[in-house]
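Worksheet: the structure to be examined is printed underneath.
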Amino acid sequence: MTTSALRSPTASLQQERIVLGIDPGTNVMGYGVIRIKGKSVTMEAMGVIDLRKVSDTYLKLGRIYERIISLINAFLPDEVAIESQFFGKNVQSMLKLGRAQGVAIAAAISRDIPISEYAPMQVKKAITGQGSASKEQVAGLLQRMLKIADEAMLPYLDATDALAVAYCHFLQSQRLIPSPAIASTPPTGRRLPNRHPQEQLRALMAQTKRRK
């Protein structure tokens, strides 16, 4: 995972926040929006940006930028999570996909929103436990975990892929939250008084010397 150095993405991990997930594409680009409150996650929206009728490459990039800005204006995300490029044999396809991803990232940067990138296998493993899981398996598990009604599911797997990127980001952010118990409890299992960290360290060292 790589994170842009804009607003700190760990500054409000304990607070309610909105994450916009993006699955880059040159013909169909998926997006998913989740609301996080503590350890609770709900889906706000998911959909696709359909570019199949736009033949000009640069016009497509312009549409992507405009639509991502529109999504940012509509949902006011605190963070953006985007799927990173995968390496394939078709160099031209990779270049086109990289441009689409870059434009989406530029849209978020223009609004000073922190960006995190996740590899496709990393996203699949976070959701299903297997990096080789199919898109259908990812969609099915997301539907159960987020309690999405059948009628809210879309025929485009690009949308659920984007939702998966956002949920993967949520899981990753949970690992960044330090445990107060680990920070303040000595090896004996007895909780130390609420002291400055240096005072706690001196207290632990004193206890160790007494035991020796």
Distance-minimising heavy-atom pair for [X] and [Y]:
X: Ile72; Y: Pro77; answer: O-CD, 3.5 Å
X: Ala166; Y: Ala81; answer: CA-CB, 4.4 Å
X: Val123; Y: Cys168; answer: CA-SG, 4.0 Å
X: Gly47; Y: Ala159; answer: O-CB, 3.6 Å
X: Ala106; Y: Tyr65; answer: C-CE1, 4.1 Å

Quick check on the hydrophobic clustering: are [X] and [Y] connected, directly or via other members, by side-chain heavy-atom contacts under 4.5 Å?
X: Val48; Y: Ile34; answer: no
X: Tyr58; Y: Val103; answer: yes
X: Ile109; Y: Ile68; answer: yes
X: Leu141; Y: Val19; answer: yes
X: Val41; Y: Met153; answer: yes

Would you call [X] and [Y] a side-chain contact if the rule is heavy atoms closer than 4.5 Å?
X: Leu146; Y: Leu163; answer: yes
X: Leu51; Y: Arg67; answer: no
X: His169; Y: Tyr118; answer: yes
X: Gln174; Y: Lys39; answer: yes
X: Ile22; Y: Met29; answer: yes
X: Lys125; Y: Gln122; answer: no
X: Tyr167; Y: Ile127; answer: yes
X: Thr128; Y: Val138; answer: yes

The single option from Leu71, Leu76, Ile69 passing side-chain contact (heavy atoms from CB on, under 4.5 Å) against Asn73: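 By the side-chain contact (heavy atoms from CB on, under 4.5 Å) criterion, Asn73 pairs with just one of Leu71, Leu76, Ile69: Ile69.
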Name of the residue among Ile148, Leu142, Val33 meeting side-chain contact (heavy atoms from CB on, under 4.5 Å) with Met43: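 Running side-chain contact (heavy atoms from CB on, under 4.5 Å) over Ile148, Leu142, Val33 with Met43 returns exactly one hit, Ile148.
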About how many Å separate [atom2] of [Y] and [atom1] of [X], when rounded to the nearest 0.5 Å?
X: Ile36; Y: Asp78; atom1: CD1; atom2: CG; value: 9.0 Å
X: Lys135; Y: Asp161; atom1: NZ; atom2: CG; value: 3.5 Å
X: Thr26; Y: Gln92; atom1: OG1; atom2: CD; value: 11.5 Å
X: Ser70; Y: Arg63; atom1: OG; atom2: CZ; value: 11.5 Å

Using atom types as modelled and distance alone, determine if a side-chain donor or acceptor of [X] lies under 3.5 Å from a backbone N or O of [Y].
X: Ser173; Y: Phe170; answer: yes
X: Lys60; Y: Ser55; answer: no
X: Lys124; Y: Ala133; answer: yes
X: Ser110; Y: Ala107; answer: yes

Within residues 151-160 or reaching into it, pairs that qualify as side chain to side chain donor-acceptor pair (under 3.5 Å) - sequence neighbours excluded: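 Output for this query lists Arg52-Tyr156.
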Within 6.0 angstrom of Met121 CE, more than 12 heavy atoms from elsewhere: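 No, CE of Met121 has 12 or fewer neighbouring heavy atoms, counting only those of other groups under 6.0 Å.
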Is it the case that [X] and [Y] place a side-chain donor and acceptor less than 3.5 Å from each other?
X: Thr57; Y: Arg99; value: no
X: Asp150; Y: Gln143; value: yes
X: Glu117; Y: Gln101; value: yes

Salt bridge (Lys or Arg N to Asp or Glu O under 4.0 Å) partners for Glu44, two or more places apart: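 Glu44 satisfies salt bridge (Lys or Arg N to Asp or Glu O under 4.0 Å) with Arg35 only.
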Asp23: partners by salt bridge (Lys or Arg N to Asp or Glu O under 4.0 Å), with sequence neighbours left out: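 Here no residue qualifies.
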Steps toward side chain to side chain contact (heavy atoms under 4.5 Å, CB included) verdict (Ile82, Ile115): CA-CA 7 Å; Ile82 189 167; Ile115 306 154; 4.1 Å; yes
Leu20 vs Phe75, side chain to side chain contact (heavy atoms under 4.5 Å, CB included): CA-CA, chis, key distance, verdict: CA-CA 8 Å; Leu20 169 62; Phe75 296 102; 5.9 Å; no
